[in-house]
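Lettering follows sequence order; numbering is per chain, from 1. We use all heavy atoms of the structure for the numbers below, so side chains are in, but hydrogens, waters and symmetry mates are not.
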Amino acid sequence: MSAVTQVAPVGARLRLPKVPPLTALAGVFLVVVAACALFPGFAPQDPAAINAAESLQGPSGAHPLGTDQLGRDTLSRLVAGARTSLLGPLVLGLGVTAISTVLAVAAGWFGGRTDAVISRIIDFFYSVPALLVAIVVAGVTGGGFGITLVVLIIFGLPMHVRNLRAAVMERAHLPFMEAAVTLGLPTWRVVLTHLVPTIVPNVVAVFFVTFTYGVVELSSLSFLGLGVPPGAPDWGRMVADNRAAVFTDVWAVAAPAVAIVLLAVSANLIGEHVQRTHEQSRKER
Amino acid sequence: MSQVTEAVPTAGLSTDALSVWLRRADGRRLIAESIDLQVAPGESIAIVGESGSGKSVTARAVLDLLPPELVTEGDVSVGGVPFLRIGRAARHRMRGSEIAFVMQDPFTMLNPVMKVGDQVTAALRDANGRPLSRAARRAEAVARLREVGITDPAVADKYPFQLSGGMRQRVGIAAAIAENPQVLVADEPTTALDVTTQRDVLLLLDRLRRTHELGLVLITHDLRVAFATCDRVYVMYAGQIVEVARSDVIRRAPRHPYTAALLAADPPLDHRMARLRTIPGSVPAPGHRPGGCHFAPRCAFALPACSAAPVELQLTDDDADHRVRCVRAGEITLEPPTAQPGPEPAAALTTDGQPLVTVRDVRKVFRDKVAVDGVDIDVFAGESVGLVGESGSGKTTLARMIVGLTRPTSGTVEVGGVELTAGALSKEQWAAVRGTVQMAFQDPYSTLNPTRTIGSTLREGLRLAGVDDLEERTAELLERVGLPATYAQRRPGQLSGGERQRVAIARALSRSPRIVVCDEVVSALDVSVQAHILNLLRDLQADLGLTYVFITHDLAVVRQITDRVYVLNHGKVVESGLTSEVLDRPRHDYTRRLVASVPQADGVLGLPEPR
Amino acid sequence: ACGSPGGGGSSEGLPKDLKVLVEATQPVFDQWQGGVATQGVMLLVNEPLVRYDGSGFQPNLATTFEQASPTRYVFTLRDGVTFSDGSPVTVDDVRFTFEQAMRDDHLSTTHVVMRSIATVTTDGSSIALDLKAPQPLLLYTIARTGIVSKAFYEQHGEKVGTPAVGQLGSGPYVLDSFEPDKSMRVVKRPDYWGDPAPFESITFTIVPDDSARMLALQSGSANAIFEIPTGQINSIQALKDFRLSKIADATVFILQMDVTKPPFDEPAVRDAVRHAINRQAVVDAALAGHGQVARALSPQSNLELVASAEAVEQTLARIDELNTYDPDLARRLLASSSVPAGFTLKLPLDSTDADTSLVAQTIAQDLAEVGIDVELDPRGDDYIDVTLARRHDGLTLNKFSTNAPDPAMPLGYFVPAKSRINLTQQDNPAAQQAFDESNTLPVGDPKRGERLLAAVEAYHRGGAALPLVNPDMTFGLKAPMTINGFTNYWWMQRWDRLVEVGG
Amino acid sequence: MTVATAPQGSARRALAPGLLRYVVVRVVSAVCVMFAVSIVVFLFIHAAPGGPEHAIGGELATEEQLESIRQRYGFDRPLPEQYLQFLGGILHGDFGESIIQKTPVATLIGETVKVTLPLLAFTWILAMGAGLALGILTASRPGSRLDRFSLGMTTLGASTPAFVVGTFLAWLFGVQLGWFPALGAGEGGLDTVRHLVLPAATAAIVLLAVTTRITRVRVGQILEEDQATFARARGLGRWWTLKHVVLRNAGVQLVTLSGSVVVSLFTGLILVERVFNLPGIGSLMVDAIHDRDMPVIQGVTFCVALLVVTVNLVVDLVCMAIDPRLRARLETNR
Ligand SMILES: Nc1ncnc2c1ncn2[C@@H]1O[C@H](COP(=O)(O)OP(=O)(O)OP(=O)(O)O)[C@@H](O)[C@H]1O
Ligand SMILES: Nc1ncnc2c1ncn2[C@@H]1O[C@H](COP(=O)(O)OP(=O)(O)OP(=O)(O)O)[C@@H](O)[C@H]1O
Ligand SMILES: [Mg+2]
Ligand SMILES: [Mg+2]
Ligand code: NI
């Protein structure tokens, strides 16, 4: 049988994915932010050093991005703030991604009653404005950042559980899943080694979407005074703290605001890239 | 090819050197090469060829319905109008009124959320060019539906999902010809339908062709359908027309080796072949087509000269209409696929002794849908049992119950001595069942996990079967299904459909089962590839003593591969027995209808149109 | 509402309408719920018997007033004054007004003072107040109690002061509209008995957000801004046509250490904290220079009202000694305590106040220098709960505004060991005794001033509190308007008449 | 090869039993949710630190004052009794009286709704209208310059916190260019519309990314489907395709999307109302939380929940109305 001798392009697998320049830049930015978060020592000056004589200055040699109300160096605070600015969205992103994956797999794979229960709960949470709940909860219980984060995670779940569940259901009855069952693989192996890998691109996309959402939402909470403590070098907080000066000394507000937008845009671009390549490979099969 | 000759104002459709290119960043690729088609009013032509040969692209190019990345060259004349040269808007007006199009899937073609009556009449205008009134629309819809054989006026108020596949395709045709076009291009209009429905739709098209003086372009991969319905046949291969002739000429005296090979690979309905003819290799993708004769690498008659220069479509000596694209057309003689005596169907069937699978009175109800309704089935070791029936008759459901993927609503299923329906099975019992029966599926594209290599897919089964020397056995398995051992490193994306089906069969074999349930494993494949797989399955049965439960809706395939057959209709077994008995002397009405519906190669659609 | 930028202008060049931006006001137009900005408008609608003008008391609705004895005050009501609905202002209305705040179940911020009134007796046009005990703050309280109409209250009950019912008074302005947390607007009363109103209307618009306030000023929808948060002063200064005037504020930021909570039960630790903080730096950084170092819990100017400048200065100098900035000393003190390596604590903050957060950040920086790590814990509306219920680590930062320029005011809150607001929890017998003695003496008695000074000094000698800064109170007016003669207690004055057109 | 034979029932004009049942179940479940909400909301006041009387009386309240509050508000009575009274009030549209403002909560909500509802509607129209238009335009020209540009801009919009967008728009169009008023709610009529332009644009920009993208994806899918090609092959016009193929098929998704836009709008509103100093329901809520004005918090929460539940109910029913497949599924599901 010579039918088989035609050689398929083996190199296809090794071809590096083509990354648009903007997405590559976004990746670089994320790496830089992550590096700052891991090594706050990068800060050129002490981010907490108050210097009344230099408050609200524009960019200069000593302070490339100017100073804030208390005369602290904005660049140093941006570097120091990378940690909290990254941490909140990261926790949110990981939390939502992990929980929604588990729920979606449970609902989509096992179906039946499990699915019904999960779907009903999700439907309920879907129809509630998250930030409003976060504010009410924080207001009524006097709770802090942690509670707010939990609320945001809970209310961030529904959309993603729905989408992932649909993806799981789409794949759960594909012949290769059923073949794995018929081969006699235990259920957990089928789920872990066959089902989950096929939805990895979706899961990654969920992470980036939630991360972006987290960046924007958490900075909004800081703006409403519900986020991290005042004076902490968190980007959202820096914007909120220096807003009084927004029309006169724009740097202290603009620098962290731009950092937030860049972070969100970067995550967005990368998430989109993941989704697009995934879509393409699906189209090409 | 710059023929600036004004197209002669003729009725019907003609194309002149119509080519389609794929535009890509790295240059352009030829997909369809210089196609010349001629369809006179009232005439029907067929375009046949294997998957990927460019049939659909040609059809869409004719209507200017290609996606933006595909560009056309050449001319199309519809009713004497140079279709591709007039303005966009004029072309748009001509679509539907002069030239119409029907697609393969009758479900996706129709708007699911619009009543069919409204869809049929959407393009209609009254004498003043205004949209019709509500009442007029409805009357018109009923009339048009009656034309395509739908006499129930209530259908006009239904949504597509409330109709059967055949009805939907009729609605699609009614909508397409609502404005009385001259030409109808139908791209595989019956491929998604059952044989019985397919016959109805073909009869309908044939009738409309006569009554409406319609020029019909029928695209199909089924030679039988082409011969049964069409006056002339264009055989297409790798973007080229390789042979054109009247249907009966092509069927009896093909002059191109490719046509002959296709005919030979098509399994006959009336007897069993010792071995099906196959065509080596596969259709080259655009951009990978060899120079000279595209078929040369797969051709038994190829000479070095074949690949030297592009081959033109030439007239043959035997007929004025018969043209062929082969340099050796004059010298070689192709034997027509005459009837050869097949081997006797396994004479002494071992239908005694202990059956491997016993199915007793099983029912399966999905919500309010009875899929399987009290079926008894036995499968004995070493035999090949067929399950046939039209779509929705419960074949797949039954198969899934046999392998334990679906739990019956009631009744018992026993596999290798283990009763699947008896409460919760122990781990060992499941292991025994899995080791006894394995399954292969229809769709070659989703049958393998795209994220894993072929090797790891196969090793998974081997490991479960308790095999130690995994690498060695993987290679052995691949070889057994006719693939080189190096394929273990590949991913499914790098394999063709036929190769994937081979791997799927190898995966089933990895657990060394005694029974393999094959659910339409060849339905999605071209005849040539189908022949490969059928031959493979037969070899495996002979070598390994396998038992098959073989599901298909294709009676010719059933004849080739099964010893015994169960005919299912609406979830019930209506007839069973030796395959030859059942096919040659069907007793049940339904079976008779099924057999009669297979397009007969005589060029006549046999029976009168059913009322 | 945006409207046209303050235009028109009366003959003197003042705009017809004064449009004032403020950060917050009270949600009810009612003097008993306190709130400076609201009071500033309230007292233009409901006049008090006497007015405090920043240095003394002037007759207003009362033509005369006298303190007949330490426990008896007598007022004569002005004749022929009417409420804006035409009904006369009677002694019954006055008595009704006072008796409201005297009720134990009444939610009144002046109740603390008013409950010392035993009886209100009226006779013709005179009103006599008899006190249970001498109360030095009484006249101040009366000066910020606008007389309300008894009939109006009887008709509308609890609804008075809400948008639906409004308020009825006899002052130079009439309440036109009141939308809680949004705006209040008063319009000129043409038939006012006294000095006529210079503005046709005064609108207070509440804009809580920092940048929204800047937008409002820039887009011309306001021509005045009162009580600018210090953080925003510089930004407003940068606006072309706004003129700022500032007054040393009677507000004090004070750091209090709970002596019942370790390690603040050790004097050495408390001393270390006090010496660790550079208060001048707090003024410079957190207040951007708009303020002064607070030398005692009562502002210097208030102390000078009761005692000679010399005596005050001597006392304050002694208190300064206790609180000098000396980080080395602080470190040594800490090293000698039970927490030589320093410690960590959470400092609850009123997150709604921008200045507080800046002050806290600055002192946290100083404390970190000596080894005390302070984690800021912003609390929303439950800040007060946290502090009063003592759910904190022993250190609290409070912003305290006196609403009467008498040192007795903060002392009364902070000295008594059982006072709920005494966040130090310290029993300070010396301070208590001096304060008690001062209360037996009539206002104006130099002896009283001396006792008060002694009480203040004793309080600080306790060492559990560190007065930090007095932020400036700043007003901005669109040119050509200027303010002339505003005091810390502007809201008790006829402040509308102090707005002038100046060069 | 999966051609299912569909049930061959007669065309249903009247409400089919399955549909009727669905509507009833859906309405009943919405009512149940509102009951659950009412319980949660009722408990708010008791969750306040220091108990409800402290929430009302403030921290400095004396024991006498607290006692009088307890009596007046009935906190001394058993919880179920209090709840029933609370529920009875709600059913009559009575959420009690604001502790701080001494005004019926219903009145306060009524007043703020006058600001918020136009803003909500305006934003909704902007976000949905622009999203739909952009989505459809870009879907029909995938990969075009317009497509990439709109993707970039909407991404940027979605990545920027509303308070940054709002401040920027107010500064640019309100202060620098003076095209629109930068603050406040206006005096009704056209003035209100002018005042709402910037806030609505702010809230809409943030949502635009979502609406555009979802529309684009769904419309793109539909345009790739056979039915769109078939419509083209029949010479049916662009508008016909848009109306009957694209919009009808995307109907369910778009209706669902427009519903979730309303829900997520509340998030944006709180921020936008603050940036533009609008006395709307979001400000009322934030102030109430600040003042611990429990009846107001309860009333606003309940009303928002009611609106959200109603919107979701309407969305579900509209989906049923526009998609015959959903209706059919009800009949077979029994
Ligand atoms: N839009 C496209 N972009 C790139 N390649 C295309 C496109 N459309 C078709 N092709 C390629 O053109 C070739 C011909 O495709 P076409 O769909 O016409 O085949 P066909 O003969 O209709 O096959 P089938 O029987 O499977 O329908 C195939 O190789 C296909 O991959
Ligand atoms: N999981 C399911 N849920 C609901 N209905 C189902 C399900 N699986 C099958 N059915 C229904 O049961 C009937 C029998 O289906 P089955 O797939 O067994 O038919 P088939 O003979 O294999 O048809 P085909 O030739 O189309 O593959 C069909 O009407 C189908 O719609
Ligand atoms: Mg095709
Ligand atoms: Mg099937
Ligand atoms: Ni087929």
Worksheet item: So what's closer than 4.5 Å to chain D heavy atoms on C:A164: side chain, backbone, both or neither?
Response: neither
Item to complete: Provide the closest heavy-atom pair for D:N277 versus C:I206 in the form atom of the first, atom of the second, distance.
Response: ND2-O, 3.1 Å
Worksheet item: Taking everything shown except C:K346 itself, do over 12 heavy atoms lie less than 6.0 Å from its NZ?
Response: no
Item to complete: Please name the pair of heavy atoms, one in D:P279 and one in C:K182, separated by the smallest distance, quoted to 0.1 Å.
Response: CB-CD, 2.9 Å
Worksheet item: Which heavy atom in D:V275 sits nearest to a heavy atom in C:A212, and how many Å separate them?
Response: O-CB, 3.4 Å
